[in-house]
Amino acid sequence: MPLKLTEYDKALIAGEHGPAARMAMSIMKRMAEVYQAENMMDITAAHIDSSLFMGDATLEYAERLVKLGAKVKVPSTLNVSGVDKSGLKDWDVPSDWADKSYRQMVAYQNMGCITTWTCAPYQTQYRPEFGQQIAWGESNAIAFANSVIGARTERYPDLLDICAAITGRVPAVGLHLTENRAGNILYTLKNISAKLQENDAFYSVLGYYLGKNVIDKIPVIDGFSVKPTEDQLKALCAGGASAGAIAMFHIIGITPEAQTIEEAFQGKKPDESKEITMTEIKNAKNELTTTKNNKPDIIALGSPHFSIEEFKKLNPLIEKQKCHPDTIFVVSCSREVRDKADKKGYIQTLKNFGGKLTVDTCILTSPMIPKNIKTLMTNSAKFAYYSPGLLGTEVAFGQLKDCVISAIKGKIITDETIWEN
Amino acid sequence: MGKLIQGHPVIPGESEGELLISDQPLSFWGGYDQYTGEIIDRRHPLSGKIAANKILAIPFTIGSSTTTAILLESIRVGKAPTAIITTKKDHFLALASIVADEMYKKPIPILTISEKDFQNLRNGQTLKINKENTIKIL
């Protein structure tokens with residue numbers, strides 16, 4: 001069936017809503033044909049990952065849209081940018097990069113986007129609602145919106161999210177449609193203790209394992225004996241969307257479209273049923289670490305961006321302690337969370353500890369850390385997955401507590417007993 | 001030699017060049033250096049190989065939404081693959097080529113082929129992609 005366009009869609013393409021809307025809609029229409037969509041549909045919010053500066057092309061794209069008069073039609077939050085303008089003096093960002101990244105930030109602001117500058121938009125005041133049709137970029141946020149909130153978004157790539165925001169239109173395909181949200185593969189947790197299930201590190205590892213194994217299917221996980229926190233589910237999303245292309249998962253009894261196995265699979269049979277035992281979990285955990293070095297040059301927290309709850313957890317661990325002088329300790333978060341954390345005194349505790357804070361971006365999306373960094377330690381599967389390629393570092397994975405102890409000692413120390421079940 | 005594979009155009013076009021292939025999916029963000037064309041995902045079998053100006057074959061992309069931006073920038077600076085072949089239609093790659101067309105009039109061909117045909121391709125072969133979307137192994 002060929003793509004059917006509404007009068008509004010045709011008017012956009014004809015340029016009746018201005019040249020920017022014409023450009024956005026013509027890209028959207030070509031993509032709708034690639035998706036083999038039959039119809040276009042409305043969205044009521046967007047999250048723009050195109051805010052990331054990846055070179056002149058992304059800047060030229062943003063500035064061309066602005067020059068053509070682009071304005072977003074729906075509330076559109078912004079993902080991280082390429083520079084922490086407020087922290088330039090603390091970091092070694094090349095000035096050309098900083099200037100161009102900032103121009104790109106201004107361009108998206110000029111289109112009327114909301115200056116959230118975060119990869120965890122679901123932890124801001126602009127969190128979408130259950131059932132809401134949205135167009136989100138940022139892989140971890142896509143997984144979170146679909147799985148944890150039950151909002152509906154396809155996996156939107158950079159550059160297309162802004163076209164959706166400008167036109168308010170997307171192809172009616174994929175995870176926007178109920179029938180495509182059913183699970184494909186059933187995973188049952190087997191002999192994984194409640195104690196481990198309560199540990200944040202378990203979720204980074206489980207996410208990485210699922211990403212590696214289901215790639216882009218919808219996994220359904222059964223057998224939880226605890227109720228994971230939102231930050232734990234966030235860690236699962238980040239791992240699954242880095243090591244794989246998970247845009248949605250279900251957890252029986254936990255996520256909103258999976259009160260029962262029946263519901264998660266929409267009455268169909270799973271294509272496959274598998275067990276996840278401690279063997280799979282330990283192997284996945286070991287794969288996240290690539291180094292045998294014992295000196296952490298940098299310890300990075302906050303991918304996805306740290307939440308206020310995570311600051312609350314970190315605070316007593318670093319209070320009255322001092323970071324080792326040879327180790328950089330950095331937390332990335334949004335402006336909104338920084339302001340909240342500041343009111344609680346958490347930012348002061350971080351400063352007293354000798355730690356650094358960065359907002360609007362992170363160490364993967366801005367060339368801010370010194371070039372001689374060899375070993376990075378983190379509790380994030382996303383940092384662990386991407387740092388070797390993007391920063392050229394080796395990686396050690398550990399739970400939050402391990403990261404803090406290692407920062408104090410200047411030596412990588414991980415508590416392996418948590419994996420002994 | 002001279003074997004013909006029928007491709008299905010996602011973004012049609014012609015290309016000829018050396019093949020770089022892996023059966024492992026790839027995220028271009030964190031996996032592809034847009035200024036050198038090097039595969040930089042250190043956990044990927046093609047790590048260290050240069051894909052610039054070659055025909056790249058991977059099953060599909062994974063990971064970051066930023067894959068599109070990386071491919072676009074590499075097209076702009078001339079360090080992109082000349083064509084990309086996948087087994088599964090990949091929307092991220094398609095979009096990069098569409099925007100490269102829109103911005104710079106430089107789309108690159110993106111084709112899908114069957115898994116069976118994919119398995120018969122080998123690193124280092126020279127491929128010619130014709131406008132009829134057939135792929136000839138030279």
Side-chain angles (χ1 to χ4, degrees), chain A residues 23 26-28 30-31 33-36 47 49-50 52-61 64 79 136-142 154-161 163 171 173-174 211-212 215-216 241-246 287 290 364-365 382 385-395, chain B residues 8-12 24-35 38-44 46-48 59-80 88-104 106-107 110 112:
Chain A
M23 175 174 157
S26 65
I27 292 171
M28 194 51 98
R30 286 182 73 177
M31 280 306 288
E33 286 159 358
V34 172
Y35 281 104
Q36 291 176 300
H47 180 66
D49 197 41
S50 311
L52 278 160
F53 175 73
M54 287 293 135
D56 287 3
T58 56
L59 175 60
E60 285 167 12
Y61 182 73
R64 174 171 307 180
N79 205 46
W136 273 25
E138 172 52 60
S139 58
N140 96 81
I142 293 163
E154 247 304 286
R155 275 177 82 228
Y156 285 101
D158 290 20
L159 315 176
L160 192 61
D161 45 23
C163 295
V173 295
K212 269 274 192 216
I215 308 287
D216 60 346
S242 300
I246 292 180
E287 278 177 43
T290 64
L364 296 183
T365 49
K382 187 165 184 172
Y385 192 82
Y386 287 120
S387 295
L390 287 168
L391 304 175
T393 66
E394 298 213 64
V395 166
Chain B
H8 304 278
V10 182
I11 307 296
Q24 294 297 308
L26 180 73
S27 169
F28 273 50
W29 188 65
Y32 192 98
D33 185 319
Q34 64 268 46
Y35 298 114
E38 183 189 340
I39 308 294
I40 54 170
D41 179 345
R42 301 306 172 207
R43 294 176 177 91
H44 197 277
L46 295 180
S47 171
F60 47 88
T61 66
I62 52 166
S64 172
S65 315
T66 305
T67 280
T68 299
I70 295 291
L71 180 56
L72 178 67
E73 177 70 355
S74 72
I75 293 173
R76 188 187 71 84
V77 301
K79 292 293 179 184
K88 210 177 128 171
K89 198 194 292 174
D90 193 283
H91 302 116
F92 287 26
L93 300 177
L95 177 68
S97 185
I98 288 171
V99 178
D101 186 17
E102 189 79 27
M103 295 284 296
Y104 307 113
K106 287 205 277 190
I110 312 278
T112 62

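Order of the sequence lines sets the chain letters (A, B, ...), proteins ahead of strands, with each chain counted from 1.
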Ignoring hydrogens and geometry, is there a side-chain-to-backbone donor-acceptor pair from [X] to [Y] under 3.5 Å?
| X | Y | result |
| --- | --- | --- |
| Arg155(A) | Ser64(B) | no |
| Arg43(B) | Tyr385(A) | yes |
| Tyr61(A) | Leu72(B) | no |

How close do [X] and [Y] get, counting heavy atoms only, and between which atoms?
| X | Y | answer |
| --- | --- | --- |
| Thr68(B) | Pro157(A) | OG1-CB, 3.1 Å |
| Gly55(A) | Tyr35(B) | CA-OH, 3.2 Å |
| Tyr386(A) | Trp29(B) | CE2-O, 3.4 Å |
| Gly137(A) | Ser65(B) | C-OG, 3.9 Å |

Pick one of side chain, backbone, both or neither for [X], based on which atoms fall under 4.5 Å of a heavy atom in chain A.
| X | result |
| --- | --- |
| Val10(B) | both |
| Gln34(B) | side chain |
| Tyr32(B) | neither |
| Asp101(B) | side chain |
| Thr67(B) | neither |

Is there side-chain contact between [X] and [Y], with at least one heavy-atom pair below 4.5 Å?
| X | Y | answer |
| --- | --- | --- |
| Asp158(A) | Leu95(B) | no |
| Phe60(B) | Ile215(A) | yes |
| Thr66(B) | Asp49(A) | yes |

With sequence neighbours left out, the residues meeting salt bridge (charged side-chain N to carboxylate O under 4.0 Å, His left out) with Glu38(B) are Arg42(B)
Which residues satisfy the salt bridge (charged side-chain N to carboxylate O under 4.0 Å, His left out) test with Arg76(B), sequence neighbours excluded?
Asp56(A), Glu73(B)
Most heavy-atom pairs under 4.5 angstrom with chain B, which of Glu154(A), Glu138(A), Arg64(A), Met23(A)?
Arg64(A)
Residue from Ala241(A), Gly211(A), Cys163(A) scoring the most non-hydrogen pairs under 4.5 Å with chain B is Ala241(A)
Side chain / backbone / both / neither for [X] at chain B, heavy atoms under 4.5 Å:
| X | answer |
| --- | --- |
| Leu160(A) | both |
| Leu159(A) | both |
| Glu287(A) | backbone |
| Ser387(A) | neither |
| Ile246(A) | neither |
| Ser50(A) | neither |

Checking side chain to side chain contact (heavy atoms under 4.5 Å, CB included) for the pair Val34(A)/Ile110(B): CA distance, chi angles, key distance, verdict?
CA-CA 11 Å; Val34(A) 172; Ile110(B) 312 278; over 6 Å; no
More than 12 non-hydrogen atoms from neighbouring residues, nucleotides or ligands closer than 6.0 Å to CD on Gln24(B), yes or no?
yes
